[in-house]
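Here's the structure we're looking at; comments come further down.
Protein chains get the first letters and strands the later ones, always in sequence-line order, with residue 1 at the start of each.
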Amino acid sequence: MKIKFIPVDYDYFDFEGRNYVKIIGRDEKGKRVCIIDTCPAYFWAILKNNTSQIEIKKLLEKINKIELDVKGRKTKVEKTEVHEKNFLGKKVKAIKIFATNYKDMHDIAGNLGMPEIEKRRGYDLGFITHYIIEKKLNPLCWYEITGEILENSQEFKGIDNSLDVDLCLKVDSLVPIKEENFSPKILAFDIEADEFRIGEGEILMISFVSDNFKKVITWKKRKEQFENVEYVKDEAELLEKFAEIIKKISPDFLTGYFSDGFDLPYLKARAEKNKVSLNIGLDGSQPKFSRGIFTTGRINGIVHVDLLRFIQTAYSQYMQSETLSLNEVANEFLGESKKKFEFKHSSKINGDEWGRYFEYNLQDSILTFKLFEKFWPDLLEFTRIMQEPIFDVSRNGMSANVEDYILHNLEKFNEIPEKHPTYDEIGERRKREKYEGAFVFQPSPGLYENLTSFDFTSSYGSVIVTYNLSRSTFLEKPNKSSYSIEALDKKLYFSKTSGFFPQMLKDIIEKRKKYKEELKKKFDVIKKARSNAFKLLANASYGYQGFFGARYYCMEAAAATAAFARKAIKEAIETTDKEGFKVIYADTDGFAFLLNKKTKEETKQFLKKLNSKLPGIMELELEDFYKRGIWVTKRTGEFGAKKKYALINEEGKLKIRGFETVRRDWCSLAREIQNNVLLMILKQGDEKEALEYIKKIVKEVKERKIDLKKMTIRTQMKKPLSEYKSITPHIVAARKMQEREMPLKAGSLIEYYIAETKSETKTKLIRDKVKLIDEKGEYNIEYYLRHQILPAVENILQVFKININEILDGKKQTTLGEF
DNA sequence: ATATACACGGATCCCCTATTTCC
DNA sequence: GGAAATAGGGGATCCGTGTA
């Protein structure tokens, strides 16, 4: 039997002591297929480099005799081979030790207490990763599979009968083939419950959205019939119906928004309470949950994707949204919003409100479904590039993605994988001192005209590639030709013989460049996603080497990367100044400077000249020309503030960095004022209009004409309430929320305003004036003028030598006309 | 659980000293 | 008059959120 097959979900099982993978996917006709395959399990024993042939022979004999009985499972060394391999870039002799069961390799490795063996490696990848590396059956890629159909077969305990699939195949051979179309079946879902705490309230309704399928199921029966709404008897029947619909639709992907942390665990808890079995897995099993702080819900044969997790790692840093709430994310990516519905306990919902509640619930699934479609190209490309199952890739942080990429590309370098650090090692690494990071130029406050900026492309990535910075190329002692740099209070050396990590990174950067250029010629969603994935991978690789949990952790390489980057930007600044420009500001990998009467053409020529002298793959690019730019002083001290500036380009587009206007923990009034002031000043080059504008707003504030909404301050609670040492205004607000039993946990966004308090409560503390947004009260004029508006505009106007304090106090600004 | 360092700025915390209050 | 309480100043620390 020969089929075309695309693997989607990976699982493994033991049969007669051996490991098998069970992969669920589709064939070219869209039929659901399960394939069973296996591969040899092995790990490596790396030998000391002076081990003689005779010693090796004796060693092999000893190892071949190893037999173990682990938890009633008999496992043994099946065979051994000696190979020439690389480990951390060094040539080594290593014994490839084949064992019966992958799970026992750790124990066998533990049994090799032999002095000739220096290290044991490759037993901690997990069987699925090991299998994918070994057989190269990459997720979401097409294959032609030849194999034997399992039909009412006794093999594997009759697995084909216990699985709800169209075809079950035992693999003989697999060959990658050209891409076929794959349109996965997606089912989005969302629940509404009476309590936010998992399982503590009843689930009132569940909505589903798939292709041409929309449904809300609820046991809150109404007399009237609503579109897409189906009534059931009670919660137990609701849960049964949930399982039924999933089985009927039989999706490849079940997707939710925060469903790892809410919907799925809630369903599980309520199913247990109601003694209903959520047997939605293709093998009839219930969802399984990982332990730990972040729970993840896994369903056999159906990939559960919590979109929030993926958006968090892959997109959040490039998003405008201030929170990752479904509403904001949908607004940004789809231009659609959630339906409005104020949460209330079901006992307090009036008759006619239920219809809107159902619509609200359905809309959440609609948005989730559309978001999945929107992000599908990204999920697909991430999965193909990292070569790990989509279930894992969609939940990975960027460091895990980098590591997956490395592990799946090691074979090209004949490298044995490094092990995961032990608990103790991680502890040691975490204790280490921080190393010096980026260089930030000390700016002089002022308003400047005619500027431009140059940036290093993939700065840290190209530094790593150019100077070959990695764990395997780090040298304890310098050799004849090595790269060297001062960092960590000593001189660090790196070999000039290209290491696998920098080489992989070079490949990543080149691919990113290639796809980006192709995109310019012709837009293509998949290429866009691919280019983006490579970009993220390149950006995360520096952080990876400095991350304490990394297999290829190398603090020296991370410190050297930062040091080389500092050197590069400082040199570029120096050359730029020497050329007759004037550098105003720089941060990490980019710098802005005045043209100083030079033309744009001259500037571009200078860029070319600069680039021709840069080492390796280092490259500067011109970002834009700016009409004006403003840098301000710090609130304390007379120096210019770093990481705070605003630029306007020739089309009138603003680029604002660091100012309160881009910070969500300032009230929108202050942000709006600052934004407008910056715009007015940068457009006109003077402060006159801005001053009038500020005066107008101050007057409105004093006359209480401002909507309370604009006074709301939003601050995130980053940890559990009890862990706070310092009782800040947002913690006072959070305590009030807790008293009211409002949903509250680490990560919640706390909203409050500062109110006028009665005169007898004499207090200096702002926290004593905190009120929740729906609490009755009036905004505190003094606070909003002194602590929100003033700080937002004070430093900007100081550039024009204007003391805004006097305007706030209502004094006549007699000297105004002079400016 | 978890990519890195640098930076700003609000608000509270905490210690010290000066002043006021109390007996 | 002397001890205790309070006020207030200033640096340290906590905390959140940016830039890159």
Query raised in the report: Base, sugar-phosphate, or nothing for A:Ile731, non-hydrogen atoms under 4.0 angstrom?
Result: nothing
**Report entry** A:Lys655 NZ/CZ over A:Tyr626 ring centroid, <6.0 Å and within 45° of normal
**Finding:** no
Query - Criterion side chain to side chain contact (heavy atoms under 4.5 Å, CB included) against A:Ile713, the qualifying member of A:His730, A:Gln788, A:Glu751 - result: A:Gln788
Report task. Establish, with yes or no, whether the OP1 or OP2 oxygen of B:dG9 is under 4.0 angstrom from a side-chain nitrogen or oxygen of A:His787. Result -> no
Query raised in the report: At what distance, to the nearest 0.5 angstrom, does OG of A:Ser541 lie from CG of A:Asn401?
Result: 12.0 Å
Query raised in the report: According to a strict under-4.0 Å criterion, is A:Lys644 in side-chain N/O contact with OP1 or OP2 of B:dC8?
Result: no
Report task. Quick one: label A:Lys655 by what it contacts on the DNA or RNA (base, sugar-phosphate, nothing), any heavy atom closer than 4.0 Å. Result -> nothing
Query raised in the report: Using a cut-off of less than 4.0 Å, is there contact between a side-chain N or O of A:Lys642 and OP1 or OP2 of B:dA7?
Result: yes
Query raised in the report: Touch check for A:Phe639, heavy atoms < 4.0 angstrom, all strands: base, sugar-phosphate only, or nothing?
Result: nothing
Query - N or O in side chain of A:Tyr552 less than 4.0 angstrom from B:dA3 OP1/OP2 - result: no
Report task. Examine A:Arg298 relative to A:Phe391 and say whether NZ or CZ is less than 6.0 Å from the centre of the six-membered ring and inside a 45° cone about the ring axis. Result -> yes
Query - Phosphate-side-chain proximity, A:Lys643 and B:dG9, N/O vs OP1/OP2 below 4.0 Å - result: no
Report task. Answer yes or no on whether A:Arg657 is positioned over the face of A:Tyr645, meaning its NZ or CZ is under 6.0 Å from the six-membered ring centre and within 45° of the axis. Result -> no
Report summary line: In whole angstroms, the gap separating C1' of B:dT2 from CZ of A:Arg395 amounts to 17 Å
Requested in this report: Drop me the distance from A:Gln674's CD to A:Trp666's CH2, to the nearest 0.5 angstrom.
Outcome: 8.0 Å
Query - Cationic N near anionic O, under 4.0 Å, A:Lys491 to A:Glu486 - result: no
Query raised in the report: Between C:dC15 and A:His730, is there an OP1 or OP2 to side-chain N/O distance shorter than 4.0 Å?
Result: no
Report task. Could you tell me whether A:Gly658 contacts a base, only the sugar-phosphate backbone, or nothing, with contacts defined as non-hydrogen atoms closer than 4.0 Å? Result -> sugar-phosphate
Query raised in the report: Do the side chain of A:Arg663 and the base of C:dT17 come within less than 3.5 angstrom through a donor-acceptor pair of N or O atoms?
Result: yes
Report summary line: Whichever of A:Met398 and A:Arg635 has the more 5' nearest nucleotide on DNA chain B, that residue is A:Met398
Query raised in the report: Should A:Ser726 be listed as having a side-chain N or O under 4.0 Å from OP1 or OP2 of C:dC14?
Result: no
Query raised in the report: Can you tell me if the side-chain N/O atoms of A:Lys718 get under 4.0 Å from OP1 or OP2 in C:dC15?
Result: no
Query raised in the report: So, A:Lys490 and A:Glu556, do they make that salt bridge, N to O below 4.0 Å?
Result: no
Requested in this report: Starting at atom CZ of A:Phe659, determine the distance to atom P of C:dA20, rounded to an integer number of angstrom.
Outcome: 12 Å
Report task. Tell me whether the OP1 or OP2 atom of C:dT17 has a side-chain N or O from A:Gln716 closer than 4.0 Å. Result -> yes
Query raised in the report: A:Tyr783 near the nucleic acid: base, sugar-phosphate alone, or nothing, with a heavy-atom cut-off under 4.0 Å?
Result: sugar-phosphate
Query raised in the report: If you check every side-chain atom of A:Ile727, which of B:dC13, C:dT17, B:dT4 has the closest atom?
Result: B:dC13
Requested in this report: Round to a whole Å and report the spacing from CZ of A:Arg657 to P of C:dT19.
Outcome: 6 Å
Report task. Within residues 431-438 of chain A, find the residues that approach DNA chain C with a heavy atom at under 4.0 Å, and present them sorted by residue number. Result -> none
Query raised in the report: Has A:Arg551 got a side-chain N or O lying under 4.0 Å from the OP1 or OP2 atom of B:dA3?
Result: no
Query raised in the report: Rounded to whole angstrom units, what separation is found between the CG atom of A:Asn795 and the P atom of B:dG10?
Result: 9 Å
Query raised in the report: How would you label the contact of A:Arg566 with the nucleic acid (heavy atoms, under 4.0 Å): base, sugar-phosphate, or nothing?
Result: nothing
Query raised in the report: To the nearest angstrom, how far is A:Glu660 atom CD from C:dG16 atom P?
Result: 18 Å
Report task. Give me the one residue out of A:Glu425, A:Lys419, A:His420 that meets side chain to side chain donor-acceptor pair (under 3.5 Å) with A:Thr422. Result -> A:Glu425
**Report entry** Nearest-angstrom distance from the residue atom CG of A:Leu765 to P of B:dC14
**Finding:** 13 Å
